[in-house]
Amino acid sequence: MQQEILIVNTHLLFPHDSSLSIVRLHQVYKILQYLETYQRENKLSQVPVMLCGDWNGSKRGHVYKFLRSQGFVSSYDIAHEYTDSDHKWVSHRNHRGNICGVDFIWLRNPNKSIKPLKISWAEAAFGIIKYQLQKASLNEKDAFDFLRADNNGNYITYSDFCDALKQLKLTSLSHGLSFQEMKNLWVQADVDGNGVLDYDEFKRIWYCTCSENIDEDSNSEDSKEGITKEAFGFAVKNAILFPREVEKGIWPENYHLSDHARLTALFSPVRLRCSQKSL
C-alpha cells in the first residue's frame, strides 16, 4: 500500500524567562494549525506525522504537555519505556551551562484519538496562567482573590481577568495573548455564559480543563463517522543519543562537536485499523 509521511522540522524560541511561555506555545500552535489545514486540504489525515528539531523545552514544560495532548509521543521515551515524568536523559548544554533534555523526534500515528486543537491550546494556556500565579506564591484561594481584584462580589469579571493577565505579563503589544485569545479563554472558563466567573468556574483555569464547545472546521471528508480504514503508521524500534553519556544525564566535558547531542530514531512500518471519527 502507499506509504506517506509528513515530516516537520523546527527550532523554538529559547525560554529566556517565563513570560516567553506564551510565545513558545504560539509557535507550536501555528505549526499544528498549518499541519491540520495541510492534511485536510490534501486529504492526508491518515498518514503518520513526525515533528523534529530543537524544542528548547523539557518534559516539564507547557509545549511538551501540549504536544502530548495532541497525540504525539516522544520516540526516544517510547524506545526506552520512559514515562512523561522520567527525566533520565539530556540532549543539550545551553548557553547558561545547564544540561537539559530539549530535543525530540515526535511521532503521531493516524489511529490516535485527539482533542480538538483549540481546546488543547486553551488548556495549555490555562496551565501557563496557573504557573504564573503559583510563581507569585499564590495558592488556589489566593489566586481567585487576585483575579477578582477589588470587586465586592465573590466572582471574577472579564475586566478583572484581563487586568490580571496583564499583571502576570502574559499580554503585550509584541507578544503574549491577543485580545481574541483572551476572549476565547474567557468563553471557555465562563461555562454558564453569565459574564462572570464564580469559584467553581475559576477552578477550570486552576485545573486547566475546558469544555468541548469550541466550533471546529468539520467540512472535511475525513470527518465522516463509522468508517474504518486501513492506514500506515510506525512503531519505534530504537532511539539513541550520542554521545552515549547523555543517556544517563551526563554531559561529557570532552565533547565539543556541538552543544546538542545527536538524536537518532529507528522506525518500522506497521498497518493500522482506524476509524475516521478519530481523525
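These values consider heavy atoms only, across backbone and side chains, with no hydrogens, waters or symmetry-generated copies.
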Within this structure, what is the [atom1]-[atom2] distance for the pair [X] and [Y], rounded to the nearest 0.5 Å?
X	Y	atom1	atom2	answer
S45	E36	OG	CD	9.0 Å
L20	H26	CG	NE2	12.0 Å
I99	I250	CD1	CD1	8.0 Å
K115	Q70	NZ	CD	9.5 Å
Q188	E123	CD	CD	8.5 Å
S69	L117	OG	CG	8.5 Å

Looking at K30, I'd like to know if its NZ atom is crowded, meaning that more than 12 non-hydrogen atoms belonging to other residues, nucleotides or ligands lie closer than 6.0 Å.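 Check fails, neighbour count at 12 or below.
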
Counting only heavy atoms from other residues, nucleotides and ligands, does the tally under 6.0 Å from OH of Y34 exceed 12?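 Counting neighbours around OH of Y34, 12 or fewer heavy atoms of other residues, nucleotides or ligands fall under 6.0 Å, so no.
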
Run the side chain to side chain donor-acceptor pair (under 3.5 Å) check on D84 and Y64 step by step: do they pass? CA-CA 9 Å; D84 286 342; Y64 180 91; 2.7 Å; yes

Verify side-chain contact (heavy atoms from CB on, under 4.5 Å) between R108 and L35, making sure each step is shown before the conclusion. CA-CA 12 Å; R108 184 174 71 190; L35 184 62; 4.3 Å; yes

Can you classify the ring geometry of Y255 versus F242 as parallel (below 30°), tilted (30 to 60°) or perpendicular (above 60°)?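 Rings of Y255 and F242: perpendicular, as their planes differ by over 60°.
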
With under 30° as parallel and over 60° as perpendicular, where do the rings of F104 and W89 fit, or are they tilted in between?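 Geometry flag for W89 against F104: perpendicular rings.
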
If you define the side chain from C-beta out and look only at heavy atoms, does anything of [X] sit under 4.5 Å from [Y]?
X	Y	result
I205	K130	no
L185	W121	yes
Q132	Q167	no
V196	E201	no
R68	V73	yes
I5	I7	yes
M50	F72	no
D54	V102	yes

Could you state whether [X] and [Y] fall into the same hydrophobic cluster, counting links through intermediate Ile, Leu, Val, Met, Phe, Trp or Tyr residues with side-chain heavy atoms under 4.5 angstrom apart?
X	Y	result
M182	Y155	no
L32	W55	yes
L51	L263	yes
I105	L266	no
I240	I78	no

List the atom of [X], the atom of [Y], and the distance in Å for their closest heavy-atom pair.
X	Y	value
L133	L147	CD1-CD1, 4.5 Å
R24	P15	CD-CB, 3.9 Å
L241	S91	CD2-CB, 4.3 Å
V236	A79	CG1-CB, 3.8 Å
F232	P269	CE1-CB, 3.3 Å
G233	N109	CA-OD1, 3.3 Å

Stepwise side-chain contact (heavy atoms from CB on, under 4.5 Å) check, T10 with Q27: CA-CA 10 Å; T10 190; Q27 291 176 326; over 6 Å; no

Between D200 and K203, is there a salt bridge with N-O shorter than 4.0 Å?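 Here K203 pairs with D200 in a salt bridge, since their nearest N and O are under 4.0 Å apart.
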
Stepwise, does the side-chain contact (heavy atoms from CB on, under 4.5 Å) test hold for I22 with E181? CA-CA 11 Å; I22 286 291; E181 287 167 341; 5.6 Å; no

Is a side-chain N or O of [X] found less than 3.5 angstrom from the main chain of [Y], in a donor-acceptor match?
X	Y	value
N94	R96	yes
K65	A124	no
R148	D160	no
H11	G53	no

Residue pair L25, V23: steps toward the side-chain contact (heavy atoms from CB on, under 4.5 Å) verdict: CA-CA 5 Å; L25 198 62; V23 182; over 6 Å; no

Sub-6.0 Å ring centroid separation between [X] and [Y]:
X	Y	value
Y199	W206	no
Y76	H80	yes
W186	F179	no

Under a 3.5 Å cutoff, is there a donor and acceptor pairing between the side chains of N184 and Q180?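 Yes, side-chain donor-acceptor contact under 3.5 Å.
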
Assess the side chains of S159 and T157: does a donor N or O sit below 3.5 Å from an acceptor N or O?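 No, T157 and S159 have no side-chain donor paired with an acceptor closer than 3.5 Å.
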
